[in-house]
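Notes to accompany the following structure.
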Amino acid sequence: MNTELTAAASNNFLKTIIDEDLKSGKHSCIVTRFPPEPNGYLHIGHAKSICINFGLAREFGGRCHLRFDDTNPAKEEREYIESIKESVSWLGFDWGEHLYYASDNFEQLYQWAVFLIEQEKAYVEDLNAEQIRAHRGTLTEPGTNSPFRTRSVAENLDLFSRMRDGEFPDGTRVLRAKIDMASPNINLRDPVLYRILHTPHPHVGDAWKIYPMYDFAHGQTDAIEGITHSICTLEFESHKPLYEWFLDNLPVSVRPRQYEFARLNLTYTVMSKRKLQELVKLGIVSGWDDPRLPTLEGLKRRGFTAVSVRNFCEQIGVGRSDSWIDVSTLEECVRSDLNESAPRVMAVLRPIKMVIDNFPDDLIEESQAANHPQNPEMGCRTIHFGREIWIDSDDFMEMPSKGFHRLTVGGEVKLRFGYIIKCLRIIKDGQGKIVELHGEYDPASREGIHTADGRKVKGVIHWVSASNAVTAEVRLFDRLFNDPNPDRGGADYKQFLNPNSVETLTNCKLEASLAAADVETRYQFERLGYFRMDPKDSLTSKPVFNRIVTLRDAWNKK
RNA sequence: AGGGGUAUAGCCAAACGGUAAGGCAACGGCCUCUGACGCCGUCAUCUCUUGGUUCGAAUCCAGGUACCCCUGCCA
């Protein structure tokens, strides 16, 4: 069963705050929002935010809005809007009626900007970007006032309205708030409110020639939507005074509050949009949905389940300290979900042919194999056994190492759901490469792992009948990087790329039942891992399977 | 002497003045027709550090230290 974590999840500071706000009567209903900018695809870091925002709303009986923070048309595209909606839905969250766009508020925002001008709290700046920077001062030195800071209200109003009309080219003027050029918080040194951009917008078309900055849009949009708890990542903390300044100085009737949490960092991958984009552009990965990427589309294509991603987000918790979550935590979440839900099946990835010399060559035996060892309700399937079978080359060693208890020359092993077989000789080609194994089976050993004379066979291996095996391609994915933190400053993160992050095996042998494999079903290839048919590259004539994650392997570790 | 944050095990994380939850990882053992799953056990005399207050401190106070964020007409 795809059980959501039911154990009382750990407390976190956001729940504490909301709990108190509800108890004190400050709010009777909480409203949160997930506010992506449609300038790229969502990744697992966004999933954390989505789970927090939608999760909190769900837990406390409130609601969560999906809002596109679309204030910069230079970077935003419709394609991203659609992908983001799709990813949020896939994760299992529903915004219902509450789909919003910051851009739907552009007129109100404009009026508020006019209001600030009238209050002498905003002015049109003629300085160019470089000059503004020079006036801003540094971290340790105060900035200096712009010569345009004292423009009259009338002139500001006129200029701002002409900016809106598209009278001036990009970059020639901006609207700034009049706050404090000497503030130790640089965000308060007369921040830019509006810039001129003669760029069509993915949601509102070419209605605007000026666009509000994030700071001038976010808090106000929160207020308009009636957001009670505006939850964002830590880097916005220094913007909080600005967030409040606008709410204080504008005629808004409600007060959303901003709270910050630490963004997710995952080991052995990169999360920044820029780096993800670069990997795609350089062709290092096949696209945004490359199964090795931490993008939601990539994870989805690889076969991760939404419930496993949600469980992951629940398990890692929410805090305010910078953290690096070990990717093994994510892997464990998929395993535990798939262990319960995935039907078992047999597949041989690196086939060696094994001929059972004492089995009739015209006979194919049918038998039933359980689809799940602990859940009989998942039923059985028919498997076939014949004189020739495929076994995995990893399960045979000519010179076995200590502790190896699979097939060896002269040794015996149990075929999963089959007989005990013994290998008697190896056939090699001119180069000394093994081409075929020959041996015999014990007809009385169908049930259990004991031989006729009562000995217990140590090893059980998977296998596939050569008579009706399905040939397939299987892609074995590994971590994209060799270093736990490729993102660390200094060196180029690309130098840590794992050259073996994908291994493509083209001659894999799957049991016959997989000829009818379902693209939505995650299978456990017994003893190997969890796999899912690739929804893009799979062909009826040549199925392609992605390895989602391996099984834990106590033997391999030694 | 710029401002704002954060420090609890290998990685996350709870604890709200009453004697350090939980998960992941790791390590032993049991079980097993998947070296899987499951089960049992081990894993902080201690909360960045130094002092102080208190019968009692991870929690309160004072001083250090380390790391993160902020000088886009990005979000």
Side-chain angles (χ1 to χ4, degrees), chain A residues 5 7-12 16 35-37 39 69-72 74-75 125 128-129 132-133 136-143 170-176 183-189 191-197 211 213-215 217-218 232-241 260 262 267 273 312 314-333 335-336 339-340 344 346 370 372-374 403-406 414-418 420 445 447-450 457-462 484 524-529 550-558:
Chain A
L5 254 33
S10 250
N11 221 67
N12 66 52
T16 305
E37 180 188 17
N39 69 343
D69 223 335
D70 54 353
T71 56
N72 184 5
K75 292 185 174 175
E125 172 68 273
N128 64 33
I132 289 178
R133 193 181 318 128
R136 189 151 32 220
T138 68
L139 293 177
T140 51
E141 301 155 13
D170 289 4
T172 51
R173 277 179 239 264
V174 293
L175 182 74
R176 301 179 75 176
S183 172
N185 181 342
I186 292 179
N187 296 304
L188 260 21
R189 320 242 259 233
V192 172
L193 270 31
Y194 271 91
R195 74 285 220 190
I196 300 170
L197 238 39
Y211 293 94
M213 300 288 290
Y214 163 85
D215 286 309
H218 203 91
C232 61
T233 43
L234 251 23
E235 66 270 27
F236 290 100
E237 188 153 32
S238 58
H239 291 248
K240 195 172 188 164
E260 313 83 17
T267 56
K273 223 165 260 184
F312 169 73
E314 185 61 48
Q315 278 186 25
I316 59 176
V318 184
R320 286 176 59 86
S321 56
D322 295 314
S323 58
W324 283 91
I325 305 293
D326 197 300
V327 72
S328 65
T329 303
L330 211 212
E331 292 170 346
E332 188 45 37
C333 285
R335 284 197 192 100
S336 65
N339 176 48
E340 294 183 40
R344 316 279 123 129
M346 290 197 284
H372 192 107
Q374 282 87 34
F404 181 82
H405 51 245
R406 281 107 84 175
K414 169 78 176 180
L415 296 179
R416 176 81 163 146
F417 300 119
I420 289 171
S445 64
E447 303 299 323
I449 51 167
H450 293 272
V457 173
K458 293 186 297 280
V460 177
I461 65 171
H462 58 276
Q524 184 193 100
F525 288 1
E526 291 218 30
R527 304 207 311 127
L528 297 174
T550 62
L551 254 31
R552 288 183 63 197
D553 186 354
W555 164 251
N556 215 4
K557 271 178 190 166
K558 291 177 182 172

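Sequence lines set the chain letters: A, B, ... in the order given, protein chains first and strands last, and positions in each chain run from 1. Note: hydrogens, waters and symmetry copies are ignored here, and every other heavy atom, side chains too, is used.
The phosphate of B:rA13 (OP1 or OP2) has a side-chain N or O of A:Ser321 nearer than 4.0 angstrom. The side chain of A:Arg527 places an N or O atom within less than 4.0 Å of a non-bridging phosphate oxygen (OP1 or OP2) of B:rG35. Between B:rA75 and A:Arg195, a contact under 4.0 Å exists linking OP1 or OP2 to a side-chain N or O. Taking only side-chain nitrogens and oxygens, A:Arg416 never comes nearer than 4.0 Å to OP1 or OP2 of B:rA36.
Comparing B:rG35, B:rU71, B:rU6 by their closest approach to the side chain of A:Asp553 singles out B:rG35.
To the nearest whole angstrom, the two P atoms, one in B:rU49 and one in B:rC11, are 15 Å apart. Look at the P atom in both B:rA20 and B:rU45: the space between them is 12 Å, to the nearest Å.
Among residues two or more places apart in sequence or in another chain, the ring pair (Phe, Tyr, Trp, His ring centres under 6.0 Å) test is passed with A:His218 by A:Tyr214.
Here A:Trp555 counts as stacked on B:rG35: its ring centre is under 5.5 angstrom from the base ring centre and the planes meet at under 30°.
The base of B:rU34 is paired with the side chain of A:Gln524 by a donor and an acceptor separated by under 3.5 Å. A donor-acceptor contact under 3.5 Å is formed by the side chain of A:Arg406 with the base of B:rG35. For A:Arg344 against B:rU34, a side-chain-to-base donor-acceptor contact under 3.5 Å is present. The base of B:rA36 lies outside donor-acceptor range of the side chain of A:His462, with no N or O pair under 3.5 Å.
The local environment of NZ in A:Lys458 is sparse, with at most 12 non-hydrogen atoms from other residues, nucleotides or ligands closer than 6.0 Å.
Side-chain atoms of A:Thr16 and A:Asn11 form a donor-acceptor pair, as typed in the model, at a separation below 3.5 Å.
Annotated as anti: B:rG63, whose O4'-C1'-N torsion sits more than 90° from 0.
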In dot-bracket, 5' to 3', how would RNA chain B read with Watson-Crick or G-U wobble pairs under 3.5 Å, [ ] for crossing ones and | for pairs to another strand? .((((((..(((.....[...))).(((((.......))))).....(((((..]....))))))))))).....
List every contact pair, protein side and nucleotides 67-69 of chain B side both N or O, where the distance is under 3.5 Å.
unit_1, atom_1, unit_2, atom_2, d
B:rC68, O4', A:Asp322, OD2, 3.4
B:rC68, O2', A:Asp322, OD2, 3.3

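Looking at which nucleotide of RNA chain B each of A:Trp324 and A:Pro184 is closest to, the 5′-most match is held by A:Pro184.
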